[in-house]
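All remarks here apply to the structure that follows.
This one's a predicted model, so the numbers in the text were calculated from it and none came from an experiment. Naming convention: chains lettered A, B, ... in sequence-line order (proteins, then strands); numbering from 1 in each chain.
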Number of protein chains: 2
Amino acid sequence: MNSHFSLAVHSLTLLAHQSERAASSSFIAESASVHPVRIRKVLSLLKQHGLIRSKEGAGGGFVLSRPPEAVTLWDVYQITSKGTLQPRCPEENPSCDVGANMKHVLGGVFSDGESVFGEHLDQYTIADMLKKCITN
Amino acid sequence: MNSHFSLAVHSLTLLAHQSERAASSSFIAESASVHPVRIRKVLSLLKQHGLIRSKEGAGGGFVLSRPPEAVTLWDVYQITSKGTLQPRCPEENPSCDVGANMKHVLGGVFSDGESVFGEHLDQYTIADMLKKCITN
DNA sequence: TATACTGTAATTATAAATATTACAGTTTTA
DNA sequence: TAAAACTGTAATATTTATAATTACAGTATA
């Protein structure tokens, strides 16, 4: 799983936690132990897909644009990581039945696998994640 | 998904295809477009887990030790890739409810997710993969 | 008008994956 | 019995992918 996903979930959970005020990329970055620019890049994606809103200038930052109960990990996955489950195969080899087709065949298996995995992720909302973090 | 998995499946499928004679790492490597040493490393793992046998010396190579119908992609996944679904989180941050627990919380979600994904992979055998490659 | 932000591009640094080289050990076969 | 064709594995080098850093234009706030 690429790290965009975990950073996105982390950020969204933090926004749900700090829902009174906008959270800056620096604040989120410190919580996640990464660089603020990386947070801004990931959140830029989430913004494009309508999960959050941002505000520039002093006192600006990021806020959720939907209630945390209405955002699932599958929603996030689709934005940050769709297709990344796929094992990356080297070049195809046309001169071999197996080498010529393995990439495509595994592609089908993993495409279906992603759907199955997605149904699992869809059972968890950002609100659930926050609850799990707090009651830990 | 790490590439050990796809190389392992590729190799096993090729062994099923070439079941009359042992396949050398060079032969498999050419089919998969990778370096022979890499194949030998991956197959060394599969051998340790009893999926294949190897024979040194001239005319040597690798053969399946079970019928291809009796090996599923989940069997292979568990050997080559167990735990790799897990998103790797940066350091935990004890001074933040979310930062302190997110790694553990996501860990649980992905651990269950791996089981779900595993049930899917368990539906495909190496024999199925070969059939799909040939009838393509 | 200084300050604290976002947004994004460009560059540099670090880590991970992969290939390559090397060589000891094992069979086969000529 | 010696050359050839293999496995097994370690060490090193190369390449690629990730991540951090720097830089700076633009935007609110106070």
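- Of the listed nucleotides (C:dA4, C:dT8, C:dT6), C:dT6 has the atom at the smallest distance from the side chain of A:Ser24.
- Residue contacts shown for B:Ser26 are absent, as no nucleic acid heavy atom lies under 4.0 Å away.
- Per the geometry, CG belonging to A:Leu7 stands 10 Å off C1' belonging to D:dA19, to the nearest Å.
- Taking the six-membered ring wherever Trp is involved, the centroid distance between the rings of A:Phe117 and A:Phe110 does not fall below 6.0 Å.
- Of the candidates D:dA28, C:dT18, D:dG8, the closest approach to any side-chain atom of B:Ser3 belongs to C:dT18.
- Taking the side chain of B:Phe62 as heavy atoms from C-beta on, and the options D:dG8, D:dT9, D:dT29, the nearest nucleotide is D:dG8.
- Taking the side chain of B:Arg40 as heavy atoms from C-beta on, and the options C:dT3, D:dG8, C:dT6, the nearest nucleotide is D:dG8.
- Between A:Ser33 and A:Ala58, the one whose closest nucleotide on DNA chain D sits nearer the 5' end is A:Ser33.
- Proximity note for B:Glu56 (side chain, C-beta onward) versus C:dC5, C:dT28, D:dG8: the nearest is D:dG8.
- Taking every heavy atom of both residues into account, B:Met1 and A:Pro87 meet most closely at CG-CB, 3.7 Å.
- When all heavy atoms are compared, the tightest approach of A:Glu91 to B:Ser33 is O-OG, 3.1 Å.
- Closest approach to the B:Lys47 side chain among D:dA11, C:dT6, D:dG8 is made by D:dG8 (side chain taken as heavy atoms from C-beta onward).
- Among the protein residues, B:Arg38 comes within range of the sugar-phosphate backbone only, with heavy atoms under 4.0 Å from sugar or phosphate atoms but none that close to a base.
- Side-chain atoms of A:His120 come within 3.5 Å of backbone atoms of B:Val109 as a donor-acceptor pair (strictly under, hydrogens ignored).
- OP1 or OP2 of C:dG7 lies within a sub-4.0 Å distance of a side-chain N or O belonging to A:Ser54.
- Residue A:Val37 has its side chain nearest to D:dT21 when only C:dA22, D:dT21, D:dA28 are considered.
- Taking the side chain of B:Val34 as heavy atoms from C-beta on, and the options C:dA19, D:dA23, D:dA19, the nearest nucleotide is C:dA19.
- No donor-acceptor pair closer than 3.5 Å links the side chain of A:Ser111 to the backbone N or O of A:Gly107.
- The B:His35 side chain lies nearest to C:dT20 when the options are C:dT18, C:dT20, D:dA19.
- Between B:Lys41 and C:dA19 there is no side-chain polar atom (N or O) within less than 4.0 angstrom of OP1 or OP2.
- Where B:Gly59 and B:Arg88 meet DNA chain C, the nucleotide closest to each residue was compared, and B:Arg88 sits on the side nearer the 5' end.
- Contact between the side-chain N/O atoms of A:Ser44 and the OP1/OP2 oxygens of C:dT8 is found at a separation under 4.0 Å.
- Rounded to whole angstrom, the span from the NE2 atom of A:His4 across to the P atom of D:dA20 amounts to 11 Å.
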